[in-house]
Amino acid sequence: MTARAIIIGAPRSGSGKTSVTIGLLRALARRGLKVRGAKSGPDYIDPGFHTAATGLSGVNLDSWAMSPSLLNALASQATDDAEYVILESAMGLFDGIPAPEGRSGSAADLARLYGLPVLLVLDVSGQSTTAAAVAKGFATYDPDVRMAGVVLNRLGSERHRRLSGDAIEAIGLPVVGAILRDPMLNLPERHLGLVQAGEYENLMAHLDRLADMVEKSLDIDAILALATPLEPAAGDFGDALQPPGQRIALAEDAAFTFLYPHVATHWRKAGAEIVPFSPLADEAPSPDCDVCWLPGGYPELHAGKLAAATNFHTGMARFAATKPIHGECGGFMVLGEVLEDADGQSHKMLGLLGHSTSFAKRKMNLGYREARLRAACPLGPEGTLIRGHEFHYAQMTATGNDEPLADLADGQGNPLGASGYRRGHVSGTFFHAIARGA
């Protein structure tokens with residue numbers, strides 16, 4: 001049977017769509033249904049919650065960063081062992097970047113491409129019947145993006161629900177959920193978004209609270225009836241990031257968590273073995289691995305512990321002498337000489353590259369990135385075009401004397417100059433790679 005799917009969208013970030021998505025995923029899993037969470041765009045935190053809620057790995061579907069063929073292949077793979085796919089929008093439903101048709105990175109691209117219905121989550125705090133005007137705008141803005149139902153969020157009372165809900169149903173949109181304001185349902189956040197799923201001591205208890213809320217406040221059967229078959233056109237993984245080695249030493253702990261699920265899944269399916277190690281536990285990469293990968297995460301929260309991890313430092317230096325190492329964002333920061341934490345304390349990092357970074361001197365860097373590699377590295381051969389995303393607050397305080405790794409452009413192709421560094425077998429960048437460009 002073909003999996004059925006629906007998109008959870010909203011007018012903006014902070015509307016409550018993540019809580020609705022996670023609660024719905026958990027509620028469906030508790031019913032014994034095989035359900036998978038998906039996320040539009042480059043978010044690398046929400047898929048962790050989707051995985052925890054369902055037991056099936058989450059996936060990113062990004063119409064800008066992924067070629068149409070890769071996007072179709074990943075969408076098809078998402079249906080392999082699932083009865084339902086719940087696809088959560090990033091930001092607002094139509095938010096993306098100016099791009100050729102269907103390549104903006106928005107969830108609306110996916111709604112058009114796959115003919116998927118949208119369940120619109122509206123934060124109606126501070127309004128009542130005006131919510132119908134917002135819903136009507138969504139219903140008419142793009143005739144190829146169909147609003148199938150509405151969930152009212154952050155209601156203050158039963159009267160509030162009637163005023164908002166009746167007005168929306170009068171324009172022909174069914175209201176399939178009404179959620180009262182409850183601060184206990186909010187997910188904690190920090191500077192890059194939600195606190196990660198793996199950091200909760202009582203994660204499942206919170207997921208079950210969200211599922212209880214969904215069971216109480218949403219008509220789950222009606223929502224399932226709105227879902228339609230997800231039947232992507234044929235695709236392939238030719239533009240996926242290829243395994244950088246047969247055995248990949250992967251840093252994996254509270255400081256290193258931001259590896260896209262689709263990247264690790266493809267590496268394994270392509271025959272590679274991922275061998276995790278924990279720098280925070282003072283572990284070094286296994287010497288029988290072919291390559292070492294330091295993903296992004298929150299090293300700035302653990303800089304003192306990383307600085308004191310002598311076995312990690314020694315093992316990384318030994319590994320770098322003969323084998324490739326690549327670091328992304330947080331991993332890139334740890335490859336440098338010094339990391340300054342939020343309190344202004346400087347901590348000695350690996351020194352395998354010559355730059356230094358500071359989290360005390362903060363400035364947000366956010367957006368899609370396209371990189372042309374100047375030299376071969378674990379991302380690919382020289383000249384390879386990589387599409388990815390950058391999101392960090394840390395700033396470079398010293399550049400060092402290493403060779404640049406890539407020529408960088410933003411999502412619209414505007415040049416941003418040289419990016420990242422390479423020295424010997426070691427390379428690193430601030431941007432997170434998602435796929436090869438096409």
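Shortest non-hydrogen contact noted between V85 and A78 is CG2-O, 3.9 Å. Heavy-atom minimum distance, P381 versus L373: O-CD1, 3.7 Å. Between A10 and V121 the shortest heavy-atom distance is CB-O, 3.5 Å. The two residues C329 and H392 make their nearest non-hydrogen contact at SG-CB, 3.7 Å. The heavy-atom pair separating A52 from L203 by the smallest distance is CB-CD2, 3.6 Å. Nearest heavy-atom pair across A38 and H50 is O-CE1, 3.5 Å.
Paired with I8 under the rule side-chain contact (heavy atoms from CB on, under 4.5 Å), one option of T18, I86, L25, I22 passes, and it is I86. Of the options W267, Y260, F256, a ring pair (Phe, Tyr, Trp, His ring centres under 6.0 Å) to W293 is made by W267 and by none of the others.
Counting heavy atoms from C-beta outward, D288 and R247 have side chains that approach closer than 4.5 Å. Proximity of L250 to L259: side-chain heavy atoms (C-beta onward) are separated by under 4.5 Å at one or more points. Counting heavy atoms from C-beta outward, F237 and Q77 have side chains that approach closer than 4.5 Å. L122 has its side chain out of reach of N153: every pair of non-hydrogen atoms, C-beta onward, lies at least 4.5 Å apart. F277 places a side-chain heavy atom less than 4.5 Å from the side chain of F312. You'll find the side chain of L93 stays beyond 4.5 Å of the side chain of Y141, heavy atoms only. Annotation: side chain of V176 is in contact with side chain of L119 (closest heavy-atom distance under 4.5 Å). L87 has its side chain within reach of S40: a pair of non-hydrogen atoms, C-beta onward, lies under 4.5 Å apart.
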task = I would like to know whether C377 and L405 meet side chain to side chain contact (heavy atoms under 4.5 Å, CB included); could you show each step before the answer?
result = CA-CA 8 Å; C377 73; L405 179 64; 4.0 Å; yes
message = M66 vs R387, test: side chain to side chain contact (heavy atoms under 4.5 Å, CB included). Steps then yes/no.
response = CA-CA 8 Å; M66 297 169 179; R387 283 196 161 190; over 6 Å; no
task = Let me see the working for R31 and E215 under salt bridge (charged side-chain N to carboxylate O under 4.0 Å, His left out), right down to the final yes or no.
result = CA-CA 11 Å; R31 291 186 175 192; E215 292 278 9; 3.2 Å; yes
task = Step by step, work out the salt bridge (charged side-chain N to carboxylate O under 4.0 Å, His left out) result for D123 and R154.
result = CA-CA 6 Å; D123 176 355; R154 302 194 178 110; 2.9 Å; yes
task = Before giving the answer on side chain to side chain contact (heavy atoms under 4.5 Å, CB included), spell out for Y114 and I7 the whole-Å C-alpha distance, their side-chain angles and the decisive distance to 0.1 Å.
result = CA-CA 11 Å; Y114 300 126; I7 293 175; over 6 Å; no
key: Evaluation steps, ring-ring contact (aromatic ring centres under 6.0 Å, His included), between H425 and F319   = CA-CA 9 Å; H425 298 288; F319 199 98; 9.4 Å; no
inquiry  = Please determine whether salt bridge (charged side-chain N to carboxylate O under 4.0 Å, His left out) holds for the pair R36 and D81, giving the CA-CA distance in whole Å, both sets of side-chain angles, and the decisive distance to 0.1 Å.
reply    = CA-CA 9 Å; R36 185 184 303 281; D81 51 0; 2.3 Å; yes
ask   = Taking it one step at a time, do F258 and Y298 satisfy ring-ring contact (aromatic ring centres under 6.0 Å, His included)?
value = CA-CA 9 Å; F258 295 158; Y298 291 105; 5.5 Å; yes
key: R374/D407 under salt bridge (charged side-chain N to carboxylate O under 4.0 Å, His left out): CA gap, chis, key distance, verdict   = CA-CA 7 Å; R374 289 191 180 186; D407 293 306; 2.7 Å; yes
Evaluation steps, side chain to side chain contact (heavy atoms under 4.5 Å, CB included), between W64 and H389 = CA-CA 10 Å; W64 181 85; H389 187 259; over 6 Å; no
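At a threshold of 4.0 Å, the pair R26-D212 does not count as salt-bridged, since none of the basic side-chain nitrogens sits closer than that to a carboxylate oxygen. For the pair E88 and K39, the salt-bridge criterion is met [side-chain N within less than 4.0 Å of a carboxylate O]. We find that D239 and R436 are not joined by a salt bridge, their nearest charged nitrogen and carboxylate oxygen being 4.0 Å or further apart. Ion pairing between D410 and R369 fails under the 4.0 Å rule for side-chain N and carboxylate O. Using a 4.0 Å cut-off between a side-chain N of Lys or Arg and a carboxylate O of Asp or Glu, R12 and D95 do not qualify as a salt bridge.
For the atom pair NE2 of H262 and CG of L71, the computed distance is 10.5 Å after rounding to the nearest 0.5 Å. We find the CG-CG distance between N72 and L113 to be 6.0 Å, quoted to the nearest 0.5 Å. Between the CZ atom of R209 and the OG atom of S19 there is a distance of 11.0 Å, given to the nearest 0.5 Å. In this structure, the separation between SG on C289 and NZ on K323 is 7.0 Å, given to the nearest 0.5 Å. Once rounded to the nearest 0.5 Å, the distance linking CG of L110 with CG of L116 reads 7.5 Å. Note: Y84 OH to R4 CZ = 6.5 Å, rounded to the nearest 0.5 Å.
When atom types are taken as modelled, the side chain of T429 and the backbone of G420 share no donor-acceptor pair closer than 3.5 angstrom.
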For residues 342-352, dump all side-chain donor-acceptor pairs below 3.5 Å to protein atoms at least two apart in sequence or in another chain.
residue	atom	partner	partner atom	Å
H347	NE2	D341	OD2	2.9
K348	NZ	E337	OE1	2.5

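In this structure, a donor-acceptor pair under 3.5 Å is present between the side chains of D62 and Y368. For the residue pair H326 and E328, no side-chain donor N or O sits within less than 3.5 Å of a side-chain acceptor on the partner. Side-chain polar atoms of S106 and S104 form a donor-acceptor pair below 3.5 angstrom.
The aromatic rings of Y421 and H355 sit parallel to each other, their planes meeting at less than 30°, with 60° as the upper class boundary.
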